[in-house]
Amino acid sequence: MNSTAAEPAEQGLGSTGAAEGSNRCGYVAIVGRPNVGKSTLLNRLLGQKLAITSHKPQTTRHTILGVSTLAGGQILYVDTPGLHQRGSNALNRYLNRAARSILTDVDLVLLVVEALQFSDEDALALAEIAKAGTPAMVAVNKTDRIADKTRLLPYLQSLSERHPFVSMVPVSALKGDQVERLETAVLAALPQGDHLFPDDQLTDRSERFLAAELLREQLMQRYGQELPYRTTVEIESFTLEQAGGTDHPEAPRARIQALIWVERESQKAIIIGHRGEALKAAASQARLEMQKLFGRRVHLEVWVKVKDSWSSDEAALASLGYGEY
Ligand code: GDP
Ligand code: MG
């Protein structure tokens with residue numbers, strides 16, 4: 001936490017955001033149980049699709065920093081893998097460690113819950129927040145599903161009894177309802193300080209990393225239970241070349257060669273599909289998403305390879321970019 005003693009606590013009732021002339025900057029961890037809409041909310045707050053989402057729990061596997069530069073300051077959002085209890089394999093241990101250590105490093109924790117729901121997993125996330133002692137705000141998401149909004153009042157009351165949140169904001173990440181209000185409350189809760197990133201920077205992640213994520217998103221979204229969530233993507237090469245064409249003369253084209261790692265031959269067959277149609281569709285959609293996010297033309301080649309049970313092998317994890325924690 002970077003809050004200083006000299007700073008007035010102004011995130012209480014009636015706060016209308018950063019005072020005129022003041023500039024705020026700080027890190028905000030977006031946490032909550034899997035599938036509550038953390039990544040969707042981050043994308044909404046950034047106005048761009050940076051974090052990948054799907055209806056599958058544990059889609060988010062890496063922490064990702066999203067930079068939001070506003071008139072009143074800069075908010076540095078950290079999207080985390082869920083704090084979840086299950087699984088004792090290497091990948092799960094890594095995910096839990098990563099999410100926990102972030103809670104103590106940030107200026108504010110934004111807990112995301114689903115409107116009218118509070119499960120054991122939500123309680124687990126809240127317990128971790130309380131243990132870290134970092135100021136926390138709660139975003140009550142998916143309010144678009146609640147027709148009668150007065151039902152939110154007793155729910156908010158019960159949340160306030162669980163933890164001294166600095167603020168509670170009902171939102172719909174999907175529709176964008178009340179997201180600006182949330183943003184104002186988040187900014188007001190951050191310490192004063194200069195911007196830490198250039199105003200036009202969106203993330204600390206490279207295009208190479210984002211390319212792998214966007215391809216993985218297609219796999220998560222397109223294949224159901226047939227694929228284990230540990231299916232992973234590796235970018236074998238990423239090069240920029242001057243495109244001969246005239247459609248995007250301003251930016252060099254990215255030439256990307258990607259590998260999809262699976263654990264069994266049967267999974268490889270599913271991903272590739274009949275005559276390669278499934279893989280072609282996934283790769284083509286991923287390519288379009290890359291072009292949108294990068295603002296450049298993308299040439300994408302994808303292969304699928306079988307690698308035996310890498311998810312329980314720490315060395316294999318490290319070779320795929322996990323294990324910084
Ligand atoms: P995460 O695991 O917490 O990052 O959750 P995601 O952002 O990946 O979202 C999980 C699922 O919930 C996806 O299918 C989203 O489309 C959906 N979702 C997220 N936010 C909302 C919302 O505000 N309303 C509704 N109805 N669905 C949402
Ligand atoms: Mg996510």
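One-based numbering, in listed order, for ligands and for the atoms of each.
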Below a 4.0 angstrom heavy-atom separation, can you tell me which part of D144, side chain or backbone, both or neither, approaches ligand 1?
side chain

Just by distance, no angles: are the side chains of Q257 and E301 close enough, under 3.5 Å, to form a donor-acceptor pair?
yes

Run the numbers for me: atoms of ligand 1, each under 4.0 Å from some heavy atom of H55, listed by number.
14 (O)

At less than 4.0 angstrom from any non-hydrogen atom of T40, what atoms of ligand 1 do you find?
6 (P), 7 (O), 9 (O), 15 (C), 19 (C), 20 (N)

Under 3.5 Å: donor-acceptor pair, side chain of R44, backbone of L174
yes

Here the gap from T53 atom OG1 to D79 atom CG, rounded to the nearest 0.5 Å, amounts to 10.0 Å

Mind listing the protein N/O/S atoms less than 2.8 Å away from the Mg ion (ligand 2)? Waters don't count.
S39 OG, T60 OG1

Centre of F118's six-membered ring, under 6.0 Å away, within 45 degrees of the axis: is that where NZ or CZ of R162 sits?
yes

So between K142, E217, K38, K175, whose heavy atom ends up nearest atom 3 (O) of ligand 1?
K38

Does the side chain of D122 pick up a donor-acceptor pair with the side chain of S119 at under 3.5 Å?
yes

From the options S39, G176, S172, select the one whose nearest heavy atom is closest to atom 4 (O) of ligand 1.
S39

Check each of R181, K175, E180 against Q178 using the side-chain hydrogen bond (donor to acceptor under 3.5 Å, both in side chains) test, and report the only one that passes.
R181

Quick check with a 6.0 Å cut-off and a 45 degree axis cone: is R205 positioned over the face of F209's six-membered ring?
yes

Side chain to side chain contact (heavy atoms under 4.5 Å, CB included), paired with S68, selected from Q74, Q48, E183
E183

Any nitrogen or oxygen of I52, main chain or side chain, under 3.5 Å from a nitrogen or oxygen of ligand 1?
no

Looking only at the side chains, is there a donor atom on one of D177 and S172 sitting less than 3.5 Å from an acceptor on the other?
no

Indicate yes or no: does an N/O atom of L174 lie under 3.5 Å from an N/O atom of ligand 1?
yes

Is the closest N or O pair between T143 and ligand 1 shorter than 3.5 Å?
no

Taking atom types as modelled, is there a side-chain donor on Q157 or E161 under 3.5 Å from an acceptor on the other?
yes

Side-chain touch C25/Q192, heavy atoms, less than 4.5 angstrom
no

Have a look at ligand 1 and work out which part of T53, if any, has a heavy atom under 4.0 Å from it: side chain, backbone, both or neither.
both

Between G37 and ligand 1, is there a nitrogen or oxygen pair with a distance under 3.5 Å?
yes

